[in-house]
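Chain letters run A, B, ... following the sequence lines, proteins first and then strands; every chain starts at 1.
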Protein chains: 2
Amino acid sequence: MDVPHSSSNAINLGRLATDIGFLLRLAQVKVYERYFREYGDRHIKPGEFSVLWAIAHNPGVRQNVLCQELIIKRSHMTKLVRSLEDRALVSRRVPDEDRRGVELTITDKGQTLVDEIAPWFFAFEDCLGEKMNATEREKLKAQLLKFIASETED
Amino acid sequence: MDVPHSSSNAINLGRLATDIGFLLRLAQVKVYERYFREYGDRHIKPGEFSVLWAIAHNPGVRQNVLCQELIIKRSHMTKLVRSLEDRALVSRRVPDEDRRGVELTITDKGQTLVDEIAPWFFAFEDCLGEKMNATEREKLKAQLLKFIASETED
DNA sequence: GAGATAATGTTTCCTTGTAAACAAAAACCA
DNA sequence: TGGTTTTTGTTTACAAGGAAACATTATCTC
């Protein structure tokens, strides 16, 4: 099993080099690096896009549900949603049935942005791991799903 | 292909649910959750441990090399190392050959801590994904390594 | 050798994300 | 009904991590 990027002044990482937590961190850093390399003038970050996308696909979704499904803490979600609202990409409505909560819907402007970004956002993944073919990437995804599911027994 | 944790008030995440960046984030969150669930009174965080471990295995390593190998930015590494030094776990030495740099070595106290934590830190991974058997986990790791390598052509 | 350039760490400021305290509105329960 | 508890979202204060400017030392070039 090869070990990640052993440059000239390589050091010995021992078991850490194949630790699953460490590998997950490295993989995510790589994804981020590529994201921002191809970022261009799309002024939307991965987290923001995932929220926008989820609202687009679930009109009127409650903010709280979004937190649970995207695994984002409430205090942070407040900021993300406010930022999207400030840019007129989503709108908030306090429903009469439960005046504690907030229902979120995407605006026309937001939908336009999603339509524009989504192809890039998801195609982006196809450029990921150019040296991995599609089959291998699907296997990796399947195994990540299994891993996540196995940790979600709570 | 199953989709992560569809609770009662599930929503439709569409393609996002199998996006590799999204899955990597979820997987890492799960690892962190478990880490801190089993954290106990071990007052060392994953990042700190990885630095300490790397120093232990590479006595006299240059701080800069550590940055490259662990993919941690210099400004952050400064803080991590200072924190370890403040706890007398590592010691810093400015070598005469190159007075810009810093050589790091682990102290006896640091080594004792590594010896104490390491078995838990790495065994910890064996409890990860209890519903995944060892073979499957090895496959996942192998594919993560391939993924990382394929993104490290720069 | 002297000045320009590069490498290494540190500092300062900013972004992302969380934890804990809080406010408001349900829901529960006697 | 009237209090207690829970749910939901916001605020505030903080931790993790990074970008950019800086200081210091080494290297490179003439």
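In this view, A/Tyr32 and A/Gln28, A/Phe36, A/Pro46 satisfy the side-chain contact (heavy atoms from CB on, under 4.5 Å) rule, not counting sequence neighbours. With sequence neighbours excluded, no residue forms a salt bridge (charged side-chain N to carboxylate O under 4.0 Å, His left out) with A/Arg25. Every side-chain contact (heavy atoms from CB on, under 4.5 Å) that A/Asp19 has, sequence neighbours left out, goes to A/Leu16, A/Phe22, B/Phe121, B/Phe122, B/Glu125. With sequence neighbours excluded, the residues satisfying ring pair (Phe, Tyr, Trp, His ring centres under 6.0 Å) with A/His57 are A/Trp53.
Pairs passing the salt bridge (Lys or Arg N to Asp or Glu O under 4.0 Å) check and including a residue from residues 59-68 of chain A, sequence neighbours excluded, read A/Arg62-A/Asp98. Pairs engaging residues 75-87 of chain A under the salt bridge (Lys or Arg N to Asp or Glu O under 4.0 Å) rule: A/Glu48-A/Arg87, A/Glu85-A/Arg92 [sequence neighbours left out]. Sequence neighbours left out, not one pair with a member in residues 104-123 of chain B passes salt bridge (Lys or Arg N to Asp or Glu O under 4.0 Å).
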Contact state string [nucleotides 5-15 of chain D, B base, S sugar-phosphate only, - no protein heavy atom under 4.0 Å]: -BBBBBB-B--

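Rounded to an integer number of Å, the gap from B/Phe36 CZ to D/dA16 C1' is 10 Å. When rounded to the nearest whole Å, the span between CD1 of B/Ile72 and C1' of D/dG18 equals 12 Å. The distance between atom NZ of A/Lys73 and atom P of D/dA16, rounded to the nearest whole Å, is 16 Å.
Side-chain atoms of A/Ser91 and A/Thr107 form no donor-acceptor pair, as typed in the model, at a separation below 3.5 Å.
Nearest-nucleotide positions on DNA chain C for A/Glu48 and A/Pro95 put A/Glu48 closer to the 5' end. Remark on DNA chain C: of its neighbouring residues A/Gly47 and A/Asp96, the 5'-side contact belongs to A/Gly47, judged by nearest-heavy-atom nucleotide.
The outermost nucleotides of DNA chain C lying under 4.0 Å from heavy atoms of chain A, listed 5' to 3', are C/dT16 to C/dA26.
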